[in-house]
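Please read the structure below before turning to the comments.
A note on names: the letters A, B, ... follow the listed sequences, proteins ahead of strands, and every chain is numbered from 1.
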Amino acid sequence: MLRVRFAPSPTGYLHIGSARTFIFNWMYARRNGGTMILRIDDTDVERNSEASLNSIFEGLNWLGLGWDEQYRQSERLDLHRRMAQAIFEKGHAYRDFTPAQTGSVDAEEKNEGGQWVANAGMRELNVTESDARATAGEPFVLRFRVPRGEGRAVKFEDGVYGAQSKEADDIEDFALLRSNAMPTYHMASCADDADLKISQIIRGQDHLSNTFKHILIFEALGVAVPKFAHLPLLIAPDGAKLSKRKHGPVVSVTTYRDHGFLPHGYVNFLCLLGWSPKDNREQMSRQEIQDIFSFEGINRANAVVNFTEADPIDPKALWLNGQILRSMPIAELVPLVKQRLETAGLDFPEDMGQLESIVDIIRARYQTLDDFPTRGLPYFADEFPMEPAAMARLEEAGARELVRKLGVRLEASADFSEPAIEAELRKLAAEKGVKAGVLINGSRAALTGQAVGPGAFHLFTAIGRQRSIARLKGV
RNA sequence: GUCCCUAUCGUCCAGUGGCCUAGGACAUCGCCCUUUCACGGCGGUAACGAGGGUUCGACUCCCUCUGGGGACGCCA
């Protein structure tokens, strides 16, 4: 039975890279009829926060993909400790009584003298002394006894990166339990992976070198070693790993949501970052992606998420979202737009058909949900700004006067259908000896305050009889 | 510093020794469509990091270098 997991730590909001890891896990599980597990890795009591836990769920729920089982590591500490104890009893771990380092070790200091593998003397401590000091209450950290000096290599086959190998001598004696008896990430993660029968671990490439340690743990535990697949990292335009401190809120999933992205627009975009269907397809439904998702399509090099300080959204993501926005069933789009309008405190037609036709007319030139309450303001409110370019349209060739006149005529006419309006407009233009364009552009300016937009005749019906006439006469 | 990963247009991908005069998409520039704009259509600019091999033939395979990323915590 195929089982995969996504294991975020609640130490910040849902990161764009984490979201992609979640999506790839999800696609892989769904593609292969497996089980998707959400596991909250909250063993770092110091850094965990309820707020970030909420924001992770918020982000995940917005993606709308869901999961099958859910766990919290903090509720499974006994299991972690039991497994650590088992490793210790088998002789694969030892107590290290070296006092914890105080303060944060800065990078330069840490790198002095090359790689650290173990604290002197502790690995060799005999059982009697170790037991005595532990019984006396001296604090210790439990470390894995990495097989050393045996010329042993740890190997595995990565689903994305292929054959991987590392000399055990190059792996340090990593910690399993802290001196406060809390499991470390390595211990908790492996214990849970074993207990939850995770069969395939899909995670970021930043864990590639941890994998050798994890294999050591699985082996010491005497359980089946899961398969691994590591994903290339998402990096910033400056080449650095995406971080909140350096790159700000762009790394958060909520940034895209708040900019009016469709959940699937975001999912689609993220899937294209580091994965390819190999046939040049870009816009794909969830089902399409799910049907062909495989590790073969995953690239090995890191991918840059394109953004600038001024514009936090990747242009390709924006384009993709626009494509989806204008091609999705209108009935699915309207509720999302409605919600957006409500949030903005705007009015919209009660009549579903009317609302649908407005949305359908304007969505061709919009890219996000956010465009409806902003650029689409004139369609949902009577107060809207008159853009300078629109104003210019009204100033030329007596347009303003003609537009008013058109308003009067339309008011007098019972027929407010598009053909009738067009006929009326052209007739008026002919009478006054001006080009129809003057009236068409003038009307658009009067109706929306914008110099650009949908075809003018669609506009009248979208805005509605009452409003249109009032706006024409009021210029 | 040690170890691991990686390298095609500005960006995201395609390319698994001859189909490559290197393809698609975004962005960008131009034209068409549109009495506006967007959508759409057509076209342009734009890349195999460097040096060695292997081979009849390298973007593709090997080595070195260089660049980029990651790991090296009682963080995850």
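When heavy atoms are screened at a 4.0 angstrom cut-off, A:Ala436 is found touching base atoms of the nucleic acid. Counting any heavy atom pair closer than 4.0 Å across all strands shown, A:Glu387 reaches no nucleic acid atom. Among the protein residues, A:Ala301 comes within range of the sugar-phosphate backbone only, with heavy atoms under 4.0 Å from sugar or phosphate atoms but none that close to a base. Residue contacts shown for A:Arg300 are limited to sugar-phosphate atoms, with no base heavy atom under 4.0 Å away. Contact annotation for A:Gly239: backbone-only contact, meaning every heavy-atom pair under 4.0 Å involves sugar-phosphate atoms and none involves a base. In this structure, A:Glu46 reaches neither bases nor backbone, as no heavy-atom distance under 4.0 Å exists between it and the strands shown. Among the heavy atoms of the strands lying under 4.0 Å from A:His186 is at least one base atom, whether or not backbone atoms are also near.
Here B:C5 is the nucleotide among B:C13, B:U35, B:C5 with the atom lying nearest to any side-chain atom of A:Gln205. Taking only side-chain atoms of A:Asn441, from C-beta outward, the nucleotide of B:A71, B:A38, B:U36 with the closest atom is B:U36. For A:Lys316, taking side-chain heavy atoms from C-beta onward, the closest of the listed nucleotides B:C4, B:U35, B:C12 is B:C12.
For A:Glu167, the salt bridge (charged side-chain N to carboxylate O under 4.0 Å, His left out) test picks out no residue, with sequence neighbours left out.
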(message) Quick one, A:Phe269 with A:Ile313, criterion side-chain contact (heavy atoms from CB on, under 4.5 Å). Give me CA distance, side-chain angles, the key distance, then yes/no.
(response) CA-CA 11 Å; A:Phe269 168 65; A:Ile313 306 297; over 6 Å; no
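Taking the six-membered ring for Trp and thresholds of 30 and 60 degrees, A:Trp67 and A:Phe57 have ring planes inclined between 30 and 60 degrees apart.
The side chain of A:Gln164 places an N or O atom within less than 4.0 Å of a non-bridging phosphate oxygen (OP1 or OP2) of B:C5.
Put simply, the side chain of A:Ser209 and the base of B:C4 share no donor and acceptor less than 3.5 Å apart.
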